[in-house]
Amino acid sequence: MTSVQPKLSTDARSANDPVFIGVGEIPSGRYPNRTFIGDLVEVASRALADSGLHHDEIDTILLIPCLHSFSDQADLIFSRLVEELGLSKAAKSNFMVHSGGSTSDNAVRIAAGLIASGHARNVLVLQAERWGSADLTEMVTMLTMNGIPKEWEQPSGITFNAIGALITQRYMAESGSTPEDMASVCVAFRKWANLNPNAMYRDKTLTIEEILASKLVSDPIRAKECPMLADGAAAFVMTAAENAKRKSDSWVRIAGSGGCVSHYSLGQEIEAGKLGWKIAADRAYEHSSWGAKDADFAQIYDSYAAVTTIGAEGLGLCPPGEAARWFRSGATSPGGAFPMNTNGGLLSAGHTGVGGGLALLIEGVRQLLGRAEKPRQIEQARRGIIGGSGGSYMDAQVLLLERIEKGDVQ
Amino acid sequence: MSDIVKTFQSGLADGKLLIQSCNACKNKMLYPRHRCTKCHANDLGWVEASGKGTLHSYTVVRAIPPAGFEGELPYGLGIVKLEEGVQLMARLKPGASGDWSQYACDAAVAFARPSPGPGDDRAVAWFKLA
Ligand SMILES: [Zn+2]
């Protein structure tokens with residue numbers, strides 16, 4: 001079997017090159033007084049303002065699901081946002097895409113395809129989650145019942161923390177990383193969260209000692225290494241480059257992407273310490289004109305530390321087996337040579353369900369647009385890598401994003 | 001419940017770990033599938049696993065279990081690679097020390113009877129250190 005990767009149909013000079021022009025977000029955490037639809041409308045409005053678009057210029061709404069309620073999700077599928085945003089008759093289509101934590105990466109591919117092919121002009125992508133205000137036991141059970149094979153793995157009593165633990169255990173065995181090394185990854189994320197006004201843990205510091213003193217939840221993972229379920233919402237707007245030029249002096253394009261779906265059941269993953277990252281990364285770099293060495297930062301899905309260290313190694317950002325020690329050295333922390341998960345990641349910005357990947361994605365876009373709050377903004381950020389993963393880390397999705405300035409393409 | 005699930009689960013209830021085998025190309029599959037994952041034939045049979053394998057990874061669930069598993073805490077779980085070239089998610093019996101501290105990635109393990117107690121009748125394969 002041979003596979004030839006298709007090439008992008010547009011380049012930076014193409015009028016229909018699909019590009020990001022704005023993002024919107026509200027703080028993550030526990031906000032019992034906020035509402036699901038209210039949060040969605042708020043982030044839509046913020047993303048539109050950031051884009052310089054009037055709301056009635058949106059022709060396509062692409063929804064990323066929530067996990068806290070099937071009925072709230074049904075409202076989205078059946079176009080509630082079109083009415084709420086005043087887009088009745090103006091909107092051409094409203095639909096949902098879903099691949100768990102990697103949904104935002106796949107949503108980008110879909111929005112890009114619609115724009116490049118002329119099926120859409122301005123696409124609004126958005127998500128809100130109410131996990132922080134939901135009942136924890138109910139959500140843990142819901143997650144166990146959805147996405148863990150009911151015939152083969154549910155009878156074992158596996159949980160999502162156990163899935164993270166199985167991956168971590170294998171990664172630690174293969175890399176020789178210590179519990180301190182793994183904890184340092186969480187600490188690095190927390191330092192970024194302390195600079196992000198939208199992060200759940202913006203006001204709380206974290207140390208390796210505190211992590212190692214917290215209770216074992218699922219060996220080797222301790223309580224303070226588990227993501228905290230959060231309320232949150234985020235949105236972004238994509239359009240065609242010719243339209244971006246009229247609104248702004250800079251925008252963000254997709255230089256290439258790659259993906260690999262490696263399993264459905266974690267029990268079927270043949271390399272739990274590697275997953276699909278190397279394959280996805282190789283595909284992305286082949287698809288693009290640049291690679292790991294050219295990137296200024298990365299935002300990689302991090303519902304557990306090992307998920308990110310495995311991603312960083314697969315992407316070639318550090319030598320194989322070295323990622324946890326690389327994090328511990330401070331290389332990815334504020335002031336480090338290669339910033340990673342600059343919003344604080346899911347572990348410190350908050351796990352907003354399917355939105356955790358979206359928050360990382362829009363943080364990458366925000367950095368490339370130069371619109372992050374001052375102490376967090378990466379100087380001269382031109383190229384960023386986004387990595388997502390869904391389900392039981394069933395896939396690795398890689399987007400290579402680059403900043404384009406009007407002067408570059410005229 | 002489909003026939004392949006029934007056959008697999010009744011095998012477990014009888015103390016047997018069954019692996020599906022494609023009659024066309026001899027491909028071995030676990031968990032069982034509706035068609036062969038190699039040649040897509042649907043003429044599929046069963047063989048009994050030797051029960052020998054290695055532990056790819058493992059964990060001990062100590063808190064926040066799914067509903068219905070509260071009475072079983074703590075419990076060991078692992079991904080087992082069988083010598084037949086297939087793999088599965090399994091429960092791990094405590095070792096001689098009464099806990100899971102003797103387990104390690106790539107340790108030799110063997111298919112075993114469930115530890116008596118709540119949940120010992122679930123349709124899950126149990127393994128112990130070999
Ligand atoms: Zn076959």
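Here is how names work: the chains are called A, B, and so on, in the same order as the sequence lines, proteins then strands, and each is numbered from 1. Heavy-atom basis, side chains included; hydrogens, waters and symmetry copies ignored. Not measured: the values here are computed from a predicted model.
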Which bit of [X] comes within less than 4.5 Å of chain A, counting heavy atoms only: side chain, backbone, both or neither?
X       : value
B:Pro74 : neither
B:Tyr75 : side chain
B:Pro65 : backbone
B:Tyr31 : both
B:Leu30 : backbone

For the residue pair A:Cys226 and A:Leu347, what are the closest heavy atoms and their distance?
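Result for this residue pair: C-CD2, 3.8 Å.
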Can you see whether [X] engages [Y] through a side-chain donor-acceptor pair at a distance of less than 3.5 angstrom?
X        : Y        : result
A:Ser133 : A:Asp231 : yes
B:Gln102 : B:Ser97  : yes
A:Arg190 : A:Ser348 : yes
A:Ser102 : A:Ser99  : yes

Is chain B contacted by the side chain of [X], its backbone, both, or neither, given a heavy-atom distance below 4.5 Å?
X        : answer
A:Ser265 : side chain
A:Leu266 : both
A:Ala173 : side chain
A:Thr144 : side chain

Can you give each donor-acceptor pair under 3.5 Å made by side-chain atoms of residues 5-17 of chain B, sequence neighbours left out, with the distance rounded to 0.1 Å?
unit_1	atom_1	unit_2	atom_2	d
B:Thr7	OG1	B:Asp3	O	2.9
B:Ser10	OG	B:Lys6	O	3.0
B:Ser10	OG	B:Thr7	O	3.3

At what distance, to the nearest 0.5 angstrom, does [atom1] of [X] lie from [atom2] of [Y]?
X       : Y        : atom1 : atom2 : value
B:Tyr58 : A:Arg170 : OH    : CZ    : 11.0 Å
A:Gln73 : A:His98  : CD    : NE2   : 5.5 Å
B:Ile79 : A:Ile270 : CD1   : CD1   : 11.5 Å

Verify, without hydrogens or angle tests, whether [X] (side chain) and [Y] (backbone) share a donor-acceptor contact under 3.5 angstrom.
X        : Y        : result
A:Ser177 : A:Asp181 : no
A:Glu225 : A:Ile211 : no
B:Trp100 : B:Leu92  : yes

Selection from A:Glu138, A:Met142, A:Gln169, A:Glu269 maximising heavy-atom pairs under 4.5 Å formed with chain B
A:Gln169
Could you check which of A:Thr141, A:Asn161, A:Leu166, A:Thr137 has the highest count of heavy-atom pairs closer than 4.5 Å to chain B?
A:Leu166
Looking only at heavy atoms, which of residues 213-220 of chain A get nearer than 4.5 Å to chain B?
A:Leu216, A:Val217, A:Ser218, A:Asp219
Neighbours of chain A found in residues 115-130 of chain B - heavy atoms under 4.5 Å:
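Contacts with chain A: B:Arg122, B:Ala123, B:Val124.
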Name all pairs fulfilling the salt bridge (Lys or Arg N to Asp or Glu O under 4.0 Å) condition that reach into residues 24-53 of chain B, sequence neighbours left out, sorted by first residue then second.
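Every candidate salt bridge (Lys or Arg N to Asp or Glu O under 4.0 Å) pair involving residues 24-53 of chain B fails, so no pair, neighbours aside, qualifies.
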I'd like to verify something: which residue of B:Ser57, B:Pro32, B:Ser2, B:Ala90 has the highest number of heavy-atom pairs under 4.5 Å with chain A?
B:Ser57
For the aromatic rings, using the six-membered ring if either is Trp, is the centroid distance between A:Phe189 and A:Phe327 under 6.0 Å?
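A:Phe189 vs A:Phe327: aromatic centres under 6.0 Å.
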Salt bridge or not between A:Glu271 and A:Lys278? Use side-chain N to carboxylate O under 4.0 Å.
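Not counted as a salt bridge, because no side-chain N and carboxylate O are separated by less than 4.0 Å.
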